[in-house]
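Report on one structure; see the data block that follows.
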Amino acid sequence: MTAPLINLNNDIQMPAFGLGTYLSTEFDGYKYTKFCLENGYRHIDTAYFYENEDVVGKAINDVISTGLLKREDIFVTTKLWNIHHEPELVEKACRKSLENLKLDYIDLYLMHTPIGYKYSENEELLPKDADGNFLFSDVDYLDTWKAMEKLVGPGRPVKSIGLSNFNSEQITRILENCDIKPVVNQVECNTSINQKKLIEFCKARDIVVMAYSPMTRPHYFEKDKSLPRPAILHEKVKEIGQKYNKSPGQVVLRYLYQIGTVPIPKSSNENRIVENISIFDFELSVEEMQFMDGFNTGQRTVPFNACKTHKYYMFNIEF
Ligand SMILES: NC(=O)c1ccc[n+]([C@@H]2O[C@H](COP(=O)([O-])OP(=O)(O)OC[C@H]3O[C@@H](n4cnc5c(N)ncnc54)[C@H](OP(=O)(O)O)[C@@H]3O)[C@@H](O)[C@H]2O)c1
């Protein structure tokens with residue numbers, strides 16, 4: 001199955017479903033990106049921080065070289081990491097991502113978070129002091145955004161730019177000062193934190209919400225039961241799925257699609273990869289959507305706790 005396309009605010013189209021690749025190893029990143037593209041996926045989400053742009057890009061290029069797909073059939077999202085927020089580092093970082101991916105353009109380039117980390121020559125991705133505290137930078141994300149705007153345009157390396165992990169006030173500040181509007185805000189969105197208010201806020205401003213950690217990271221919950229409990233483990237979700245001949249995972253992903261987001265689940269399992277994208281041939285009823293809404297507690301799986309002291313920490317307001 002393939003996902004429908006949705007229009008971004010710059011008239012570019014984006015597939016309404018993608019593959020996440022965080023923690024995809026060298027082997028998984030290559031094997032499963034390739035498998036996804038061979039099985040209907042047209043949208044891949046990676047990041048400089050994931051250190052797998054090279055294998056993801058190799059999979060994309062290998063699929064293109066078989067003739068199965070053309071470059072323009074595939075939507076590639078990658079992200080500017082926190083150490084590269086200094087405006088003079090932005091284009092260099094973007095070119096490095098392109099070099100890793102071995103592509104000549106990026107479809108969507110996101111600012112990974114509003115928070116800058118200290119840059120060092122050896123490119124330490126998570127720079128820390130002797131006590132283990134993050135070494136932040138205080139670069140204004142607006143200045144970073146201005147540098148990202150320069151990446152877009154004819155002959156430039158990026159088609160669309162967007163945000164990730166931004167709250168409503170930070171988005172407003174970007175919108176009030178930008179020349180190019182962000183097309184997307186990629187945030188944690190799953191049954192435990194369904195982001196209804198942020199979705200409404202973004203929709204009113206023609207910004208698409210991309211749902212990361214859509215399965216509520218079941219592999220994290222398995223190890224730490226204080227984390228939000230994934231709805232796929234709930235008996236009633238299983239029952240709802242049985243009604244449509246779908247799995248609990250498909251019910252959750254369909255829910256996220258119906259509330260207006262673009263889910264990007266990560267999977268390194270061929271059955272689940274095929275299953276996850278097969279959500280465009282059924283519809284949850286109003287009552288079932290209301291039942292799924294009931295899981296929303298607002299608890300995050302990815303709270304960025306180590307960044308709480310930064311002036312741009314994003315999760316200390318409601319949305
Ligand atoms: N912008 C950001 O700051 C940010 C932060 C986090 C994530 N992301 C992006 O969002 C993507 C997805 O989020 P995530 O990887 O954190 O978490 P996730 O997609 O919620 O969870 C991934 C886990 O769910 C399992 N899974 C996948 N489909 C399943 C199904 N149908 N039934 C049961 N289990 C299933 C996978 O196991 P198997 O592999 O065994 O199937 C994997 O262990 C990331 O990979 C990354 O691309 C972005």
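Both ligands and their constituent atoms are indexed starting at 1 by order of listing.
- Residue G20 has at least one heavy-atom neighbour below 4.0 Å for each of these atoms of ligand 1: 11 (C), 44 (C), 45 (O), 47 (O).
- For V302, the closest heavy-atom approach to ligand 1 does not fall below 4.0 Å.
- Ligand 1 has a nitrogen or oxygen under 3.5 angstrom from a nitrogen or oxygen of S268.
- For the side-chain contact (heavy atoms from CB on, under 4.5 Å) test with L125, the passing option among Y117, Y50, Y48 is Y48; the others fail.
- A cation-pi arrangement is present between R205 and F201 under the rule of less than 6.0 angstrom and at most 45 degrees off the ring axis.
- When heavy-atom distances to ligand 1 are checked against a 4.0 Å cut-off, T21 comes that close only through its backbone atoms N, CA, C and O.
- Among K266, E222, R272, the residue whose heavy atom lies nearest to atom 22 (C) of ligand 1 is K266.
- Shortest contact from atom 3 (O) of ligand 1 to any protein heavy atom: N165 ND2, 2.9 Å.
- From the protein, the heavy atom lying nearest to atom 45 (O) of ligand 1 is Y22 N, 2.8 Å.
- Between K150 and E91, no side-chain nitrogen of the basic residue sits less than 4.0 Å from a carboxylate oxygen of the acidic one, so the salt-bridge criterion is not met.
- Using modelled atom types and a 3.5 Å distance limit, the side chains of N269 and S267 yield no donor-acceptor pair.
- The backbone N or O of H112 sits nowhere less than 3.5 Å from a side-chain atom of W81 that would complete a donor-acceptor pair.
- In this structure, the protein non-hydrogen atom closest to atom 2 (C) of ligand 1 is Y212 CE2, 3.2 Å.
- For atom 47 (O) of ligand 1, the closest non-hydrogen atom on the protein side is D45 OD2, 2.7 Å.
- For the 3.5 Å distance criterion, the side chains of Q195 and T261 fail to qualify, holding no donor opposite an acceptor.
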Output, in order, the C-alpha distance, side-chain angles, deciding distance and verdict of side-chain contact (heavy atoms from CB on, under 4.5 Å) for Y257 and V262.
-> CA-CA 6 Å; Y257 175 67; V262 171; over 6 Å; no
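- Counting atoms of ligand 1 from 1 in the listed order, those under 4.0 Å from a heavy atom of P265 are 19 (O).
- Annotation: cation-pi pair R173/Y141 present, NZ/CZ under 6.0 Å from the ring centroid and within 45° of its normal.
- Under 4.0 angstrom from ligand 1, there are no non-hydrogen atoms of A47.
- For ligand 1, the atoms closer than 4.0 angstrom to any heavy atom of N269 are 41 (O).
- Looking at atom 43 (O) of ligand 1, its nearest protein heavy atom turns out to be H219 ND1, 3.2 Å.
- Of the protein's heavy atoms, N276 OD1, 2.8 Å lies nearest to atom 31 (N) of ligand 1.
- If you check each of R217, E275, Q186 against atom 48 (C) of ligand 1, the one with the closest non-hydrogen atom is Q186.
- Every atom of ligand 1 with a heavy atom of I264 under 4.0 Å away is listed here by number and element: 9 (C), 10 (O), 11 (C), 12 (C).
- The nearest heavy-atom contact from the protein to atom 13 (O) of ligand 1 is S213 N, 2.9 Å.
- Aromatic ring centres of Y22 and Y212 lie farther apart than the 6.0 Å criterion allows.
- Near Y50, the atoms of ligand 1 lying under 4.0 angstrom from a non-hydrogen atom of the residue are 4 (C), 8 (N), 9 (C), 46 (C), 47 (O), 48 (C).
- Of the protein's non-hydrogen atoms, the one nearest atom 20 (O) of ligand 1 is M215 N, 2.8 Å.
- Taking any N or O of P218, backbone or side chain, none lies under 3.5 Å from an N or O belonging to ligand 1.
- Near S267, meaning under 4.0 Å from one of its heavy atoms, ligand 1 places the atoms 27 (C), 38 (P), 39 (O), 41 (O).
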